[in-house]
Amino acid sequence: KPVAVRSVVISTQHTPDANQKQITEYVREDLGPRVLGKWWSKDATLFVNPTGDFSHGGPLTETVLVGTLAEKFPNQWVSWDREAMKVTNITEANAALEPETLRGVEAGLAFGRGGPTWGATVFWNEIEDAIVNITIGEGPGTFPRAGFVPAGGVLRQRQNAGTIKAWGGGLNGSTRLSETLSLDAALAWTDAEVDGGAAAPQLTGLRPAQAPEWSATAGIDWRVTSRLNVAASARYESDRFDDDLNSRVLDAAVTADIRAEWAMRAGATLWLAADNLFDAEVEVSETGTGIEGYGPPRSLRAGVRLSY
């Protein structure tokens with residue numbers, strides 16, 4: 001028959017910014033009393049992560065968990081909320097989808113005679129039976145096939161959603177400032193609207209998800225020496241909607257990339273690249289509880305390109 005708890009061992013994953021003292025205090029003041037109840041005593045000896053740091057185990061365990069969830073929901077899009085540690089958005093497949101039909105017209109002008117070059121385009125597109133991720137339920141609740149969707153979660157299904165009409169235009173230009181330095185830039189504007197018709201009347205008049213109204217790019221290419229070339233680019237996208245109902249707005253963002261190449265010898269080039277150079281937070285999704293998901297942070301890549 002147990003008499004008392006003298007020692008408690010806790011081995012837990014944690015974020016890199018959580019130290020042993022913080023975890024120990026959490027166990028002593030909160031976790032221990034809640035889990036052990038009447039058996040808990042502040043005089044108990046605590047062994048917290050006695051084998052060392054566990055900050056690497058958390059991401060690995062989370063990766064395995066998300067992979068397991070993906071296996072449980074085949075042919076579905078599963079969105080994982082890292083802060084709340086739960087699935088928030090589930091997108092079901094749909095075997096009854098009809099193929100989309102695209103009709104469009106595009107016209108353009110281009111000019112360039114030994115100096116700066118420029119171009120302009122206008123377009124009109126219409127997509128019949130547009131395939132869209134349509135919201136069919138919100139959590140908390142249990143749904144056929146998808147199962148339980150937690151609070152703040154959304155269940156969507158890919159469906160034919162009437163017609164999407166879009167028109168817009170763009171400008172682009174480039175110039176060579178010298179034999180070794182050139183610039184280019186482009187600007188695009190798109191006005192798009194959904195006509196859900198009888199298939200999805202709730203979407204009529206709304207903008208398609210993940211479709212910014214404005215986008216722009218600019219780049220510079222500099223041949224520093226006969227062996228070294230440096231290129232940099234920037235991209236802007238205006239705010240856009242994450243969902244079909246236009247209820248979640250993703251903020252506008254600017255990103256910058258840079259790449260350098262060094263010709264070591266004929267057929268061998270060493271390159272170094274930095275993506276999202278200034279570590280911009282680019283929103284790519286948002287949960288029903290307002291937690292944003294972000295695109296890749298700053299990343300560095302390097303390699304050797306061989307050609308024969």
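Sequence positions, counted from 1, serve as the residue numbers for this chain. These figures come from a predicted structure and were not determined experimentally.
- Side-chain contact between Gln202 and Leu245 is present, with at least one heavy-atom pair separated by less than 4.5 Å.
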- Message: Could you go through Trp124 and Glu106, starting from their C-alpha distance and side-chain angles, then the distance that decides it, and tell me whether this counts as side-chain contact (heavy atoms from CB on, under 4.5 Å)?
- Response: CA-CA 7 Å; Trp124 174 85; Glu106 182 174 334; over 6 Å; no

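- For Arg207, there are no side-chain hydrogen bond (donor to acceptor under 3.5 Å, both in side chains) partners two or more places apart in sequence or in a different chain.
- With contacts defined as side-chain heavy-atom distances shorter than 4.5 Å, the pair Trp39/Val5 qualifies.
- For residues 168-179, there are no salt bridge (charged side-chain N to carboxylate O under 4.0 Å, His left out) pairs, not counting sequence neighbours.
- For Asn125 against Gly104, the heavy-atom pair with the smallest separation is OD1-CA, 3.4 Å.
- At distances below 3.5 Å, at least one donor-acceptor pair connects side-chain atoms of Asn276 with backbone N or O atoms of Pro296.
- Atom NZ of Lys165 is separated from atom CZ of Arg103 by 9.0 Å, given to the nearest 0.5 angstrom.
- Contact record, Arg240 with Val284: NH2-CA, 4.5 Å, taken as the closest heavy-atom pair.
- Ring-plane geometry between Trp189 and Trp214 is classed as tilted, the angle between the planes lying from 30 to 60 degrees on a 0 to 90 degree scale.
- With Asp239 contributing its side chain and Asp251 its backbone, the two residues share no donor-acceptor pair below 3.5 Å.
- Summarising the geometry, atom OG belonging to Ser182 is positioned 4.5 Å from atom CG belonging to Asp221; distances are rounded to the nearest 0.5 Å.
- Both Val304 and Trp262 belong to a single network of hydrophobic side chains, linked directly or stepwise wherever heavy atoms of I, L, V, M, F, W or Y lie under 4.5 Å apart.
- The backbone N or O of Leu177 sits nowhere less than 3.5 Å from a side-chain atom of Thr175 that would complete a donor-acceptor pair.
- Nearest heavy atom pair, residue Arg28 against residue Ala44, reads NH1-O, 4.0 Å.
- If you take CZ on Arg235 and CG on Asp257, they are separated by 10.5 Å, rounding to the nearest 0.5 Å.
- For the pair Val194 and Val132, the minimum side-chain heavy-atom distance is 4.5 Å or more.
- Every side-chain hydrogen bond (donor to acceptor under 3.5 Å, both in side chains) that Asp243 has, sequence neighbours left out, goes to Ser247.
- Using a 4.5 Å heavy-atom threshold, the side chains of Glu292 and Leu250 count as separate.
- Between the CE atom of Met264 and the OG1 atom of Thr269 there is a distance of 7.0 Å, given to the nearest 0.5 Å.
- The closest side-chain heavy-atom distance from Val249 to Phe241 is below 4.5 Å.
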- Item | Asn133/Arg158 under side-chain hydrogen bond (donor to acceptor under 3.5 Å, both in side chains): CA gap, chis, key distance, verdict | CA-CA 4 Å; Asn133 292 335; Arg158 296 179 65 77; 3.1 Å; yes

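- The hydrophobic cluster containing Val224 does not contain Trp271, counting ILVMFWY residues as joined when their side-chain heavy atoms lie under 4.5 angstrom apart, directly or transitively.
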- Task: Please step through side-chain contact (heavy atoms from CB on, under 4.5 Å) for the pair Phe123 and Thr190, ending with a clear verdict.
- Result: CA-CA 9 Å; Phe123 68 88; Thr190 303; 3.8 Å; yes

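- Each of Thr45, Val48, Leu36 was compared with Val8 under the side-chain contact (heavy atoms from CB on, under 4.5 Å) criterion, and only Leu36 meets it.
- Distance OG1/Thr180 to CH2/Trp222: 7.5 Å, rounded to 0.5 Å.
- Heavy atoms of other residues, nucleotides or ligands lying less than 6.0 angstrom from CZ of Arg6 number 12 at most.
- Between Asp275 and Arg298, no side-chain nitrogen of the basic residue sits less than 4.0 Å from a carboxylate oxygen of the acidic one, so the salt-bridge criterion is not met.
- Side chain to side chain, Thr117 and Ser174 meet the donor-acceptor criterion of an N or O pair below 3.5 Å.
- Between the Asn160 side chain and the Glu98 main chain, a donor and an acceptor come within less than 3.5 Å of each other.
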- For Asp191 and Trp167, what are the C-alpha separation, side-chain angles and deciding distance, and is it a side-chain contact (heavy atoms from CB on, under 4.5 Å)? CA-CA 5 Å; Asp191 182 27; Trp167 72 281; 3.4 Å; yes

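- Under a 3.5 Å cut-off, the side chain of Glu261 and the backbone N or O of Leu272 do not form any donor-acceptor pair.
- Closest approach of Asn49 and Ser11 over heavy atoms only: OD1-CA, 3.2 Å.
- Using a 4.5 Å cut-off between side-chain heavy atoms of Ile, Leu, Val, Met, Phe, Trp and Tyr, with links allowed through other members, Leu31 and Ile23 fall into the same hydrophobic cluster.
- Contact annotation: the side chain of Trp40 never approaches that of Arg34 to less than 4.5 Å [non-hydrogen atoms, C-beta and beyond].
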- Task: Would you sort out whether Leu206 and Thr204 count as a side-chain contact (heavy atoms from CB on, under 4.5 Å), showing the intermediate values?
- Result: CA-CA 6 Å; Leu206 301 182; Thr204 298; over 6 Å; no

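- A 4.5 Å side-chain heavy-atom check between Phe47 and Ser7 finds at least one atom pair inside the cut-off.
- Annotation: side chain of Lys42 is in contact with side chain of Glu29 (closest heavy-atom distance under 4.5 Å).
- Under the 4.5 Å side-chain heavy-atom criterion for grouping Ile, Leu, Val, Met, Phe, Trp and Tyr, Leu46 is connected to Tyr26 within one hydrophobic cluster.
- Within the 3.5 Å criterion, the main-chain N or O of Leu181 finds no donor-acceptor partner in the side chain of Arg223.
- Residues Glu213 and Ser238 have side chains that never bring a donor and an acceptor to within less than 3.5 angstrom of each other.
- Under the 4.5 Å side-chain heavy-atom criterion for grouping Ile, Leu, Val, Met, Phe, Trp and Tyr, Val122 is not connected to Leu187 through any hydrophobic cluster.
- Side-chain contact, Asp244 with Thr135: a donor N or O sits under 3.5 Å from an acceptor N or O.
- From Glu128, atom CD reaches atom CD of Glu126 across 4.5 Å, with rounding to the nearest 0.5 Å.
- Of the N and O atoms on the side chains of Asp242 and Gln210, at least one donor lies less than 3.5 Å from an acceptor on the other residue.
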